[in-house]
Structure formats: C-alpha cells, structure tokens
Amino acid sequence: MTAFALLDHTSVFVFALTGALVASRAQLDIVGFLFLGTLTAVGGGTIRDLLLNRDAVFWIASPSYIAVASAASVLIYFTAPLLESRRAWIVWLDAIALSVAVAVGFGVAVNLGQGPFIVAVMAMITGTMGGLMRDVVANEVPLLLSQGEIYATACFAGALAGLAVLWLGAPLGLGMAVAAGLTFGLRAGSVAFGWRLPLYKPRPPRG
Amino acid sequence: MTAFALLDHTSVFVFALTGALVASRAQLDIVGFLFLGTLTAVGGGTIRDLLLNRDAVFWIASPSYIAVASAASVLIYFTAPLLESRRAWIVWLDAIALSVAVAVGFGVAVNLGQGPFIVAVMAMITGTMGGLMRDVVANEVPLLLSQGEIYATACFAGALAGLAVLWLGAPLGLGMAVAAGLTFGLRAGSVAFGWRLPLYKPRPPRG
Amino acid sequence: MTAFALLDHTSVFVFALTGALVASRAQLDIVGFLFLGTLTAVGGGTIRDLLLNRDAVFWIASPSYIAVASAASVLIYFTAPLLESRRAWIVWLDAIALSVAVAVGFGVAVNLGQGPFIVAVMAMITGTMGGLMRDVVANEVPLLLSQGEIYATACFAGALAGLAVLWLGAPLGLGMAVAAGLTFGLRAGSVAFGWRLPLYKPRPPRG
C-alpha cells in the first residue's frame, strides 16, 4: 500500500469512528452504525470523485475502503459504552479525520492536474462533506456550522498553505503534510483553546 | 415491458406515494406533492446510477419513470384526505417500495458485473436513499434512523440472502425475489410485531 | 462573455447573496459565509450537470463562477449588518436567483438536445436545488416547502411557458426570457400579494 492509500484509509477509518459514535448517541442498531459510519467515511471523497468525473468513485474501484469503514463502525459498536464523553471523542476524532481528508483531497486534485482554485475547493469538499452528511442525516447541528468555531476556515487555510509550499517547488508529499498539519493545528486550537476568527459582529442574529 | 422494468416502475410508483403522503402531512400544494413524490421515487436509483457511472441516469434514459411518479403524486393529492392514518400508510408503503427497490438495485449492480460487496451496497443505496432524502428535506425523523427499528438491517439481510442464492447457482430473478422477500419480511415484522435486533445497550443516549 | 454566461453568473451571484445572508443569520465566520454562499450558488447547476453527465461540472470548467460566488459572500459579510430585515432580502433575492436559474437550466437542457420532459425537470432542479441545500444545511425550513406559497410551482409554470414558446418556433433566448419572467412573476406575486394555488385542503395536517 502506498503512503497515499494509507492516508486515505486513515481518514476513512477515523471518519467512520465519528459516524458510528453519532449513531451510538442516537441509539441505532448495528446496521445503523455501519450506515452512518460508512456514509461519513466515504461521503466527502465520493462527492469529490463525482465532481471531478473520475472513472470510478474511489470506494467502488477498491472495496477495501468499505471494509475499513465497517471495521471502525463495529469497533465503536462494542466500545462506545466504555467511553466517558462520546461528544468529546467525536470532536477530536473529527479534527483528525478532517485534516487527513483535506490532504487527500488536495493530493487527488493536484494529481489530476487541476488548477489551484479547484485544488483548494476539492480539499475542502473532501474534508468537510462527509461530516456534514453525518450531521444533517442525524439531525445534529453540523460541526461545520458551529457558531464561532474554526472549521471550514482550518481546511481552507491548510489548502492554501499546501498550495504555497507546492508553488515554492516542494514535492506533493510535503504540500499534503503542510495542508494536514495546518488544518489540524487550527482546528485543534479552536477546540482546545477556543481560538476564533475576529468576528465582524455588530448585531444579534436572525431578523 | 420486461419484468425488470415493471419492478423498477413499481418501486418508483410506491415510493412516490410515500413522498406525496409526506407532502400532504406538510400541507404543500400540488407541485410540492410532485416535487417530494418524485424526489423520493427516483432519489435512491439516481445516486446508484451516478456512483456506478452509468451512461445515463435511469429516469433520463427513460422519462416514463417521471410520468409514473407524477401520476402517483397526483393520485395522493386527491385521495390523501380520505385516508384514516397517513402515517401508517407511509410506513407500510415505504416497506413495500423499500423491498422492491433493494431487488432492483441488486439486479442493476449484478448486471453491471459488480462484485458482491458493491452489489450489497448498491441494493442498500437504492432501497434507502430516496426515503432518506424525503425525510431530510421534509425535516421528519428519517424512518431509516428510527430508534430500535429494523430498516437498513432488512435491506442488508435481503441483499446478503440474494447473494447467497446467486452463489448457489440460482438465476438472477430468483436472487432478486429472495432479496425483496426477506427485506419485506424483516421490515414488516419490525412494523407489525415490533421485531428488534438484540440491542447492545448498556447506557443511555447522548453524552 | 455571452449573454448566456452573463445570465449564469448573475444567478450564481444572487444565490450566493442569499446563502451568505443565511450565514449571517446563523452568525458564522467569513469562511462560513463563503461556504454557504458558494454551496447555494452552484448547488442546483452542479446536480443538473452531474445528472446530465456533462464532461465537466460548469464551475470546474470555468472557475470564474466560484470567484463570483466568493465576491458576493464577502460583500454580504461586510454589508449584512446594515440591512434592516435580512429575511426579506433573502426572500426577494432568492426570487430573482430562482427565476434566472430556471432560465439557465432550461437553456442548458435544450442545448444538449433533451426532450421537453427533461428540460422542465432540469429547469426546476437548477432553480430550486441550491436554495434547498442552503436551507437544509442551515436547518431552516426550506423556502421550497413554505406552506401554501408558490415556489416550485413558479419554476414549473415558467419552464412550461418557455417550452410552449419554443414549440411555437421562437428562438431559445425568447423561451428563456419567458421562463424567467413567468417564474419571477408568480413567485413575486406569492411573496408580495400572498397569491396561492387553490388548496384542496379538507383536513388538518399530520395524522
């Protein structure tokens, strides 16, 4: 397995953990865990592949992804009751999966010869869409839209940093590492220390 | 019309009935019935066809599907007021449409030469995604995620049984019949008799 | 830029305004504005292009669409606080974007040689799906499903009128203008004067 495929399976595995934890909070049965785990795990990459018109969606070309997502879902099915705070696990695992998936989406788009604009968009889609589907289907407030938290911003900054590194002549692997690292750093800072973007917020919501 | 196309139109028709009934509960106008009925009717098969990269999505290749879904939506528009319990009708019609759609998705994937893994996934997607879109768009709790009910599990068991029958050398039609039959039997048992999967449930939800 | 591309960019721009206004009501940060604005702006056309199996989704073929959507989102980020009633702005801008997008979807499908059935469906999908995604992701009640309002109906009527005009021998541009005009007229009448379809409504909702 190449380093690239290893990263890709990692993001699928960790996203599936988060989807299965959401299924646990909703008290679904084992197939509900598998459904929500797998949807979260492959959702972002699936949209990316459909948009980029690849010959085959990644998990159809290689079913090992579904196997990995299923294993993660079953693992959570048996271990979720042992966890102290499932919500905290979801947020942190999501931060890990997000970062790796941004790097994978970044790499896929670069390898397909896309321009920087589309590379950044594909990195964000791969990172965010699986978790967004998980939250919309489970009727939770999407992490992506958590008020005042850094989420999509982290992906965007990670992708830009990766592009900058490539533009300076670095190899793709380094660009991906920078993208993942900055995405995780910003997201983790938001979760752990409450980092925020300066809000331009002169009035209350709604209305 | 082949037996296959007949099944396919049946699932589209019955799913459209459920979508239009949900529109009736939400007091939409006639075009709202058509929209929600058609979305439910063709949603699962559309995702399947996009994922499998077929030359054309089934209802674009043959617009009779949209006509059938529209007819079902109009039928409900005029008859919904006569129904005693729309909720019960939705649940039972959904069970029928689900079972037929699982068999259709199963058959499409087998005919395209997909492996057993992807066949099972496509059967589940064809069965569940239309109803999931219906419920997410109408902001109802998805039937798919009804706590403790057998739903995705029924599709999964049906697809596995169909694969087993094919593996024993039976023709595709028999595999599809077995898939539909077991899916419907499990789902109906869940609705009528409260069948449940043994829940591994050692603690309350959330947290 | 052709008249067609100008229309297309207009619909993308105005839809992005509505998505960013929804982001403002939800108090997201600047990247949240960009995300929701862009999703709304290109959502409907993306589904249309995937369904029609075009060589490339329109905003991948030409990244100027993302730039336009981003500009609109940033514009709202700085001006939303100055608006008296964001809700009213959303409803009226959505009516404009809807009408233009119906005409664009109509034109794209006609140019691809689709039959009248699919032309009408693609006009509706292009018009409604971006706004539907906006509302589902932001967990607002979809404008599309607002009880008793004319929305999908307006798109449908607009598409039919456009088809009638083409059938009478008019050029595509006139058909598109008629489609946009009737869609906007009906939707605006519903918003401003409370126009309704005659409801066949003999009993209360739910049940």
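In what follows, every chain begins at residue 1, and chains take the letters A, B, ... in the order their sequences are listed.
- Heavy atoms of L132(B) lying under 4.5 Å from chain A belong exclusively to its side chain.
- For M129(B), the part lying under 4.5 angstrom from a heavy atom of chain A is the side chain only.
- When every heavy atom of R54(A) is checked against every heavy atom of N53(B), the shortest pair comes out as O-ND2, 3.9 Å.
- Residue contact with chain B, scored on non-hydrogen atoms closer than 4.5 Å, involves the side chain of L50(A) exclusively.
- At least one side-chain heavy atom of M122(B) sits under 4.5 Å from a side-chain heavy atom of I60(A).
- Of all heavy-atom pairs spanning L145(B) and A138(A), the tightest one is CD1-CA, 4.2 Å.
- Annotation: the span from S62(A) atom OG to F117(B) atom CZ amounts to 10.0 Å, rounded to 0.5 Å.
- The number of heavy atoms from other shown groups lying within 6.0 Å of OH (Y65(B)) is above 12.
- When each of L144(B), L52(B), I150(B), V136(B) is checked for heavy-atom pairs under 4.5 Å with chain A, L144(B) comes out on top.
- What you find for I118(B) and W59(A) is that their closest heavy atoms are CD1-O, 3.8 Å.
- Counting heavy atoms from C-beta on, the side chains of T128(B) and F35(A) come closer than 4.5 Å.
- Using a 4.5 Å cut-off on side-chain heavy atoms (C-beta onward), R196(B) and D29(A) make no contact.
- Proximity to chain B (any heavy atom under 4.5 Å) is shown, for I47(A), by neither the backbone nor the side chain.
- Around CH2 of W92(A), the count of heavy atoms belonging to other residues, nucleotides or ligands within 6.0 Å exceeds 12.
- With a 4.5 angstrom heavy-atom cutoff, D49(A) does not touch chain B via any of its atoms.
- Both the backbone and the side chain of A67(A) come within less than 4.5 Å of a heavy atom of chain B.
- The contact between E149(B) and chain A is made entirely by backbone atoms, counting heavy-atom distances below 4.5 Å.
- Atoms OG1 and CG, from T153(B) and L34(A) in turn, are 8.5 Å apart once rounded to the nearest 0.5 Å.
- If you measure heavy-atom distances from N139(B) to chain A, the contacts under 4.5 Å come from the side chain alone.
- Only the side chain of V121(B) comes within less than 4.5 Å of a heavy atom of chain A; its backbone N, CA, C and O stay farther away.
- The minimum heavy-atom distance linking L51(B) with T46(A) is given by the pair CD2-CG2, 3.3 Å.
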